[in-house]
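Here is the naming used below: chain letters follow the sequence lines, and residue numbers restart at 1 for every chain. Being a predicted model, the structure only gives us computed values, none of them experimental.
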There are 2 protein chains.
Amino acid sequence: MKIDPDNRADLSAQIAEAIREEIVAGRLIVDERLPSEAELADHFAVSRPTVREALKRLAAQSLIRTARGAFGGAFVNRLSYPEAYGQHITTSTLLLSMNSVSFDVACEARYALERACTPLAALRRSPDTLATMRAEIHRQEQPGLTDEAFCASDVAFHRALVDSAGNPVLSYQLAGAVEAMQPLMNMITFTARSRGAIVGLHTRIADALEGQAAEAAQAALSELEAYTLTLGRDVMAARAQSKG
Amino acid sequence: MKIDPDNRADLSAQIAEAIREEIVAGRLIVDERLPSEAELADHFAVSRPTVREALKRLAAQSLIRTARGAFGGAFVNRLSYPEAYGQHITTSTLLLSMNSVSFDVACEARYALERACTPLAALRRSPDTLATMRAEIHRQEQPGLTDEAFCASDVAFHRALVDSAGNPVLSYQLAGAVEAMQPLMNMITFTARSRGAIVGLHTRIADALEGQAAEAAQAALSELEAYTLTLGRDVMAARAQSKG
DNA sequence: ACGGGCAAATTGTCAGACATTTAAATGTAA
DNA sequence: TTACATTTAAATGTCTGACAATTTGCCCGT
C-alpha cells in the first residue's frame, strides 16, 4: 500500500485511492480494522489531517466507518442495500438534472428497464407487493392529492412493481432509474383526466401481475410509457414556447 | 444553510450534508463557486480543517471540484457520465461482493436488464457498436486467451450490446449490472468447449442485431443466460463440495 | 463477586503557520 | 503600443501541536 511520491495530485486523494484499492481487491475485508490515523500518517509519511481527509473521502462512499474511543478506529464497512440505494439514487438524479437529459431518453430507459422486470414480477409477485400497488392506486384516486404527492405515489407504485420481481440486485439497479425520473415528472401538471388514465393503467398492471399475465402487464406498461411521453412532451413544448 | 448545534454526529458530516442538499435542491448550480474554506469555517463556526473534511467528502462523490490559486476554490461539479459510471460500478461491485449475492440472482438481474435493451439495440445498432462486438468475438476465439482476458472481452461485448440501444441513461444504469458480474464470472474456468458455445451465442446475437431481429437476439440472450447459469452453478457446487 | 473510578487509546476539533499554485495586476522594454 | 517579465494577492494543500470527547479494559475497594 504505497503512494507515488512525484504524483502532483492531492496526497489525501492518493491515500484514499490506495486504501480503496485494497478494499475493492479484497485485501482488506469487511469489519477489518485499519491502522490508526497516527499509524497511517506514519506509514504514508504525511500528517494526520491529510490522513483524515483521505478517510473522510472513503467514509463519504460508505467504504469505511469510524468509531471513537479505545479499540475504536476505522473499519471496512459492509455496504448495505439501503446505503447503496441512497448513493445510486443521488448519483442518478444529479446525472439527469445536470446533463439536460431529455424527458424522452429518461422515459425510454425507465420503461425499458421496468419491462425487463415484468416476467419475473408476474412469476413471483407476493401479496405484500400487490397490496402496496393497490394501496398506491387508491391513494392516486384521491381528488385532493397535490401533483407532487401524486408523483411520489407513482414512484412508490413503480418501486413495488420492481420489487415484485423478488430480485434485490434488480431492485437496486432500477431504483436509480425510477427515482431519478421524479424531478422530471414533477414538472408535469396532472389533470383529473390524465390521473384517471394513469390510474386505469396502473390497475391493469396490478391486475395482470396478480393474474400472472406477463404479456398483459408489459402491454399496459408500454401504453403507460406512451402516455407519459405525450404528457412530458406537452410540458417540454410549452416550456420551449414560453422561452422562445 | 445551517447545522444543528446539538447534533452529536461529526461536524464535517453535517456540513457536507448541508452543502449536498443545496446542490441537490438546485440552490447551488453547476460551476458556481462555493465560499472559500475560511469563509465557510466562519459561517458554520468551525475550524478550517473541519470544513476541509466536509469538502473532501463532497469531492469523493464528485459533487464538487477544487482549484488552487487566485480565483480558485470549490466549485459545484457537473457530474459527467464517466464519473457516474465509475461510482456506480464501484458501488455495485462492492454490494455484490460484500453481501454474498448468489450467482443465480446476479445473473438473472443482468440478463433481464440486457434483454430490456435488445429491442432498442436492434432498432438503432450502429456500425460502430457492431464492429466492437465483432472485434470482441474475434478476440474471444483466440486460443491463447487467459480466462481473465476472456471475461474482460465478454464484458466489453456486453457493453457494446447495451450501448447499441443508443440511450446513455440505459448504458449508465446497466454498466453497474454488467461490470459488477465480472468478479463472479472470473471464478469460472472457461474450457475450449464452453468458450466455443459462448462465442457461438455471441455471434448469433450480433447477427440478429445486425439484421434488426429483436426476437432472435432475445432468444440467443436467453440461451446465453441459461448456459452461463449452468457454468456458474458447476463452479458453486464444486466450491461447496471442497468446503464441506 | 460486583460496582466505581481511573488510565489508555483513538477519533474529533481547534489554532496557527507555512508552502504551493494560479491568475490578475503591474511594471518594463522593444 | 505591444509583448513579456515580475509582483502580488487569494486560495487551497500541508504540517505541527495541542486539547476535547468517547469508549474500553483494568484495578481497586467494598
### Side-chain N or O of A:Arg48 closer than 4.0 Å to phosphate OP1/OP2 of D:dT16
no
## Note on the structure
In whole angstroms, the gap separating C1' of D:dT14 from CZ of A:Phe44 amounts to 16 Å
### Rounded distance in Å - CG (B:Leu11) to C1' (D:dC19)
15 Å
### Query
Given atom CD of A:Gln14 and atom C1' of D:dG13, what is their separation to the nearest angstrom?
12 Å
### Query
Do the rings of B:Tyr172 and B:His88 sit parallel, tilted or perpendicular, given the 30° and 60° boundaries?
tilted
### Message
A:Thr189 vs A:Val235, test: side chain to side chain contact (heavy atoms under 4.5 Å, CB included). Steps then yes/no.
### Response
CA-CA 8 Å; A:Thr189 304; A:Val235 173; over 6 Å; no
### Query
Between A:Arg110 and A:Glu114, is the closest basic N to carboxylate O distance under 4.0 Å?
yes
### Query
Where does the chain A footprint on DNA chain C start and end, counting 5' to 3' with a 4.0 Å heavy-atom cut-off?
C:dA8 to C:dT13
### Message
Taking the nucleotide of DNA chain D with the nearest heavy atom to each, does A:Ala45 or A:Gly69 sit closer to the 5' end?
### Response
A:Ala45
### Task
Please state how far atom CZ in A:Arg57 lies from atom P in D:dG13, giving the value in whole angstrom units.
8 Å
### Task
In whole angstrom, give the distance that lies between atom CZ of A:Arg52 and atom P of D:dT14.
15 Å
### Query
Mind checking whether B:Phe150 and B:Phe190 have parallel, tilted or perpendicular rings, split at 30° and 60°?
tilted
### Message
Can you measure B:Leu55 atom CG to D:dT12 atom P for me and round it to whole angstrom units?
### Response
8 Å
### Message
Rounded to whole Å, how long is the line connecting atom CZ of A:Arg68 with atom P of D:dA20?
### Response
13 Å
### Query
A:Pro49 or B:Ala70: which one's nearest nucleotide on DNA chain C is closer to the 5' end?
A:Pro49
### Task
Please test A:Arg68 against A:Glu37 for salt bridge (charged side-chain N to carboxylate O under 4.0 Å, His left out), starting from the C-alpha separation and ending with a verdict.
CA-CA 12 Å; A:Arg68 289 166 77 156; A:Glu37 294 175 353; over 6 Å; no
### Task
Quick one: label A:Ala38 by what it contacts on the DNA or RNA (base, sugar-phosphate, nothing), any heavy atom closer than 4.0 Å.
nothing
### Query
Do B:Thr50 and B:Glu53 meet the criterion of a side-chain donor-acceptor pair at a distance under 3.5 Å?
no
### Query
So what does A:Arg65 touch, heavy atoms closer than 4.0 Å: a base, only the sugar-phosphate, or nothing?
nothing
### Task
Not counting sequence neighbours, which residues clear side chain to side chain contact (heavy atoms under 4.5 Å, CB included) with A:Asp234? List them please.
none
